[in-house]
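Below you'll find the structure, written out as structure tokens, and then a few comments.
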Amino acid sequence: MSDNSQAALITPTSGAAAESDAARLSAARERIARAAAACGRDPQSVRLVVASKTQPSERIEPLIQEGQLLFGENRVQEAKLKWPALMERHPGLELRLIGPLQSNKAKEAVQLFDVIETLDRPSLAESLAREIQKQGRSPKLYVEVNTGSEAQKSGVPPEDANVFIRRCAVEFGLTISGLMCIPPATGQASPHFALLAKIAAANGLEELSMGMSADYPLAIQLGATHVRLGTAVFGSRTA
Ligand SMILES: *Cc1c(COP(=O)(O)O)cnc(C)c1O
């Protein structure tokens, strides 16, 4: 294959790219429904969050037209550039922050996101609580758990999760709605999903954001209420 034809294949601007995104979205929806049914769960109890980092609005908008309303972004700055215009054009969207949040971006995060999935430390809880007070806007909050206790990864260590969740309520007055995890890139994901589900149950939390393109049927089997899919919808990332 020549360099030119390769470039044509990966340029994300054509209508053909949007068409295959829609086809992959539809296939992912079916697979979610099958995975839920296979373990006796109501397919409606699992929501698909499209992870749209690095994707331009031209790739996102056709998915909205297919009825996709939940999206996850990793970076506050990128989300600020893309989403206000999309939200104005399409009421009913739900934007979720699924990447790490710096305390100095808490203000913008509270302004922009409907769900913040990555609360993982007291200083951030304090900043979010202050902004929620000030703005009178209350995004739903999940605590991210570093289920693999990986040094480089964000998230509360699993052994500290119960105390942190309680502290969010008691000390900062925050309501925590669920948990999120990103298992280690290698090895079995299932023990991590099971651990997250266990921590959620112990704390009476109902929402579980776990499972990505490589492992979402397994996550659904272990109780995921939200799966976050990027490559399963957009194909391999080129950016
Ligand atoms: C990119 C991303 C995803 C989606 O990953 P895929 O493997 O492309 O499905 C999910 N969660 C987070 C936090 C991400 O950054």
Side-chain angles (χ1 to χ4, degrees), residues 46-47 49 51 53 72-76 79 95-110 112-134 137-212 214-216 218-228:
V46 185
R47 311 291 308 278
V49 178
K53 58 173 171 276
E73 284 284 345
N74 288 65
R75 302 167 72 94
V76 175
L95 186 60
R96 308 169 72 100
L97 180 64
I98 61 175
L101 178 58
Q102 294 170 285
S103 294
N104 63 10
K105 299 247 168 67
K107 176 179 176 182
E108 293 166 297
V110 168
L112 184 60
F113 290 95
D114 301 298
V115 183
I116 295 172
E117 297 199 9
T118 51
L119 172 52
D120 67 352
R121 57 196 190 278
S123 58
L124 180 58
E126 187 178 5
S127 303
L128 289 172
R130 192 179 328 113
E131 282 306 324
I132 286 167
Q133 275 278 323
K134 241 198 242 170
R137 189 171 193 278
S138 297
K140 203 180 248 198
L141 301 174
Y142 293 3
V143 166
E144 179 178 0
V145 181
N146 183 1
T147 55
S149 301
E150 294 171 277
Q152 79 287 4
K153 208 171 256 180
S154 46
V156 184
E159 65 273 18
D160 298 343
N162 293 344
V163 167
F164 179 66
I165 292 163
R166 216 167 306 126
R167 202 172 156 196
C168 282
V170 172
E171 189 173 334
F172 302 108
L174 296 172
T175 301
I176 303 302
S177 300
L179 300 179
M180 180 269 214
C181 76
I182 307 171
T186 56
Q188 294 258 331
S190 48
H192 299 275
F193 297 152
L195 176 59
L196 197 71
K198 190 176 154 204
I199 296 169
N203 290 279
L205 302 176
E206 296 194 338
E207 299 183 30
L208 277 174
S209 173
M210 58 187 197
M212 315 198 313
D215 52 25
Y216 63 99
L218 185 61
I220 291 167
Q221 203 181 317
L222 292 167
T225 60
H226 294 77
V227 294
R228 310 178 306 268

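Start at 1 with the first residue, then count along the sequence.
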Counting neighbours of NZ on K153 that are heavy atoms of other residues, nucleotides or ligands and sit closer than 6.0 Å, is the number greater than 12?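 Yes, enclosed.
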Heavy-atom count around R47 CZ within 6.0 Å, excluding the residue itself: above 12?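 No, not enclosed.
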side-chain contact (heavy atoms from CB on, under 4.5 Å) involving [X] - partner list, sequence neighbours excluded:
X	answer
P191	Q188
D114	M87, E94, L95, R137
A197	L208

Can you find a pair of side-chain heavy atoms, one from [X] and one from [Y], that are under 4.5 Å apart?
X	Y	answer
F164	P157	no
P139	V115	no
M210	L179	no
D215	F193	yes
I199	P158	yes
L128	I116	yes

If I compare all heavy atoms of [X] with all of [Y], which pair ends up nearest, and what's the gap?
X	Y	answer
A219	G211	CB-CA, 3.5 Å
I176	L205	O-CD2, 3.2 Å
E150	N146	O-ND2, 2.8 Å
M180	T118	CE-CG2, 4.1 Å

Assess whether side-chain contact (heavy atoms from CB on, under 4.5 Å) is satisfied between H226 and R96, documenting all intermediate values. CA-CA 11 Å; H226 294 77; R96 308 169 72 100; 3.6 Å; yes
Got a second to check how far [X]'s [atom1] is from [Y]'s [atom2], nearest 0.5 Å?
X	Y	atom1	atom2	value
C181	E144	SG	CD	8.5 Å
L141	L124	CG	CG	9.0 Å
E131	E108	CD	CD	9.5 Å
L196	L222	CG	CG	10.5 Å
T225	I220	OG1	CD1	10.5 Å

Is a side-chain donor-acceptor pair under 3.5 Å present for S209 with R228?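 Yes, a side-chain donor-acceptor pair sits under 3.5 Å.
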Going by side-chain hydrogen bond (donor to acceptor under 3.5 Å, both in side chains), name the pairs with one or both residues in residues 192-208, residues two or more places apart or in two chains.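 Of all non-adjacent pairs touching residues 192-208, those that pass side-chain hydrogen bond (donor to acceptor under 3.5 Å, both in side chains) are K140-E207, Y142-E207, T147-H192, N162-N203.
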Show me the pairs that pass side-chain hydrogen bond (donor to acceptor under 3.5 Å, both in side chains) and involve residues 165-179, at least two apart or across chains.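 Every pair satisfying side-chain hydrogen bond (donor to acceptor under 3.5 Å, both in side chains) with a residue in residues 165-179: R167-E171.
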Enumerate donor-acceptor pairs with a distance under 3.5 Å from any side-chain N or O in residues 98-106 to protein atoms, sequence neighbours excluded.
residue	atom	partner	partner atom	Å
Q102	OE1	K105	NZ	3.2

